[in-house]
Amino acid sequence: MKKKALITGVAGQDGAYLSKFLLAKGYEVLGLARDLTAVNFENLDFLNVREKITFVNGDMADEESLRKIIAEHQPDEVYNLAAQSFVGASWEQAKLTTEVNSLGVLYLLTAIKDFSPKTKFYQASTSEMFGDSHTEGLQTEETPFHPKSPYAISKLYAYWMTVNFRESYGMFCANGILFNHESPIRGLRFVTRKISDGVARIKLGLAEEIRLGNLDSKRDWGFAGDYVKAMWLMLQQEKPDNYILSTGVTHSIRDFLNVAFEHVGINDWERYVKIDPQFNRPVELYALHGKNDKAKKVLGWESEVGFEELVKMMVDADVERLSKNK
Ligand code: NDP
Ligand code: GDP
């Protein structure tokens, strides 16, 4: 019998990479999407997996749709990747962010408890829950949380609800606390993809500048394709737990700009980057830096793609994509 996995947020960055990974493992993949007539298939097509996924109609903000899906399909594993995932938008859309990222998780967990309690559950938690790391050093699973955006707060609720269903009902509920992970199909609003797309446009003569906010922030950036493997590994353990996934190396946005521009032969990137205060946040999170010892030791997982390789992969993919459309 094929194992059945339900992925919420299937058409997002991680949903696409996880689908590819699980399909290669022989899983039947059910993908939850909000409007089956209007799914943006770009990411799934990029990885060539669209045709192999069975789509089911549901919305994280609509409890009834989630209850129906869980009752009908009783999947072996649920990967909850759906979210309003952009920190920058979460101040203006705090209520929506909370409804989808917090209450949606409560609905999903309750549906699993009521209709399919043996289902294993993965929650896409985030390093944003920690807040800044520049004073405390590397963050671990034991670092106290100090969320600094409505997004991070919404994810903290979901993190604890996932732990609470584990403790209250003995359900298999795992949290992956993921540091930023990127790829050629990262959303265009995120700084890495905004830069790789912008650099490709400048290189091809399609744009003259990139407008950015704070260039001094640091992030621990890994490759999404590496991280989805560990999501699966978390659900194959004997006991559910919380795990950090990170590279253990942190870089600034300036570092990202350096590598990206240099890769296309431009050494004076300052000429092309304009600082625009509209991209500053009400509260900035200056540095994230994660210690991944537990994932290494228990899951046997390691982040493989390094920083420079990741930046170049993203720039190359955008150059190729834009060259085709030129
Ligand atoms: P994306 O933004 O690429 O994908 C999120 C997906 O969620 C989209 O497919 C979106 O669908 C879907 N979605 C949004 N709202 C709803 C809703 N109400 N009902 C159903 N689906 C909905 O995110 P990533 O793939 O980058 O991230 C995956 C998860 O991991 C997210 O939960 C994110 O917060 C978390 N995370 C990501 C990190 C990263 O660096 N990428 C780091 C740590 C955590 P639609 O196309 O319809 O909008
Ligand atoms: P986040 O870590 O989930 O918020 O990922 P982002 O890629 O959105 O942002 C990473 C960092 O880049 C944050 O510190 C932002 O303030 C900073 N940043 C600077 N300029 C920009 C910009 O133009 N867009 C975005 N998204 N972030 C920017």
Side-chain angles (χ1 to χ4, degrees), residues 7-18 31-36 38-44 56-62 65-66 69 79-90 93 96-97 99-101 103-105 107-108 122-129 132 148-149 151-152 154-155 158-159 175-183 185-195 198 210-224 227-228 231 244-246 251-254 256-257 273-288 290:
I7 304 177
T8 72
V10 72
Q13 171 188 257
D14 291 7
Y17 278 99
L18 182 63
L32 180 132
R34 288 194 261 194
D35 178 352
L36 297 186
V39 183
N40 181 346
F41 289 115
E42 244 174 77
N43 295 340
L44 298 170
V56 291
N57 193 200
D59 190 312
M60 293 303 291
D62 174 32
S65 65
L66 301 178
I69 290 168
Y79 295 87
N80 182 38
L81 309 183
Q84 189 303 94
S85 69
F86 186 47
V87 173
S90 73
Q93 300 183 331
L96 173 80
T97 303
E99 282 169 355
V100 176
N101 299 6
L103 290 181
V105 179
Y107 301 155
L108 199 47
Y122 171 86
Q123 168 59 17
S125 291
T126 166
S127 55
E128 296 278 333
M129 300 185 306
D132 269 314
K148 290 195 164 184
S149 63
Y151 168 80
S154 73
K155 285 284 190 173
Y159 169 91
N175 273 302
I177 307 172
L178 272 57
F179 283 64
N180 297 47
H181 46 282
E182 321 293 312
S183 74
I185 53 170
R186 178 65 143 153
L188 275 161
R189 288 186 295 182
F190 295 88
V191 77
T192 53
R193 183 75 196 288
K194 190 170 165 184
I195 295 172
I210 310 176
R211 303 188 81 83
L212 295 169
N214 171 26
L215 303 187
D216 295 316
S217 284
K218 289 185 165 177
R219 291 291 182 270
D220 180 331
W221 280 299
F223 171 52
Y227 285 40
V228 296
M231 296 176 185
I244 279 181
L245 300 183
S246 67
H251 288 278
S252 68
I253 289 152
R254 286 178 199 280
F256 199 103
L257 286 162
V273 173
K274 301 281 172 311
I275 302 301
D276 186 336
Q278 71 161 303
F279 298 110
N280 291 339
R281 283 143 190 210
V283 179
E284 179 59 296
L285 205 168
Y286 289 97
L288 282 170

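Treat the numbers as computed from the prediction; the structure is a model and nothing was measured. Residue numbers start at 1 and run along the sequence shown. Each ligand, and each atom within it, is numbered from 1 in the order the structure gives.
- Residue contacts with ligand 2 for Phe86 involve side-chain atoms from C-beta outward but no N, CA, C or O (heavy atoms, distance under 4.0 Å).
- When the heavy-atom distances from atom 44 (C) of ligand 1 to Ser125, Ala224, Ser127, Gly187 are ranked, the shortest goes to Ser125.
- Near Asn180, with a cut-off below 4.0 Å to any heavy atom, the atoms of ligand 1 are 40 (O).
- Closest to atom 31 (C) of ligand 1, if we only count protein heavy atoms, is Leu81 O, 3.1 Å.
- The shortest N or O to N or O distance between Asn80 and ligand 1 is not below 3.5 Å.
- Ligand 1 is never approached by Asn40 to a heavy-atom distance shorter than 4.0 Å.
- A cation-pi contact, defined as under 6.0 Å to the ring centre and within 45° of the axis, is absent between Lys148 and Tyr286.
- Counting atoms of ligand 2 from 1 in the listed order, those under 4.0 Å from a heavy atom of Glu284 are 13 (C), 14 (O), 15 (C), 16 (O).
- In terms of protein heavy atoms, atom 38 (C) of ligand 1 is closest to His181 CE1, 3.2 Å.
- When distances from atom 27 (O) of ligand 1 to the protein are checked, a heavy atom turns up under 4.0 Å.
- The protein heavy atom nearest to atom 34 (O) of ligand 1 is Tyr151 OH, 2.6 Å.
- Of all the heavy atoms of Asn101, none lies under 4.0 Å from any atom of ligand 1, so neither backbone nor side chain is involved.
- The Asp14 neighbourhood of ligand 1 comprises atoms 25 (O), 27 (O), 28 (C), 30 (O), with distances under 4.0 Å to a heavy atom of that residue.
- Contact atoms of ligand 1 toward Ser85: 1 (P), 2 (O), 23 (O), 33 (C), 34 (O) (distance under 4.0 Å to a heavy atom of the residue).
- Within the structure, ligand 1 lacks Phe190 among the residues with a heavy atom less than 4.0 angstrom away.
- Only the backbone of Arg189 comes within 4.0 Å of ligand 2, judged by heavy-atom distances.
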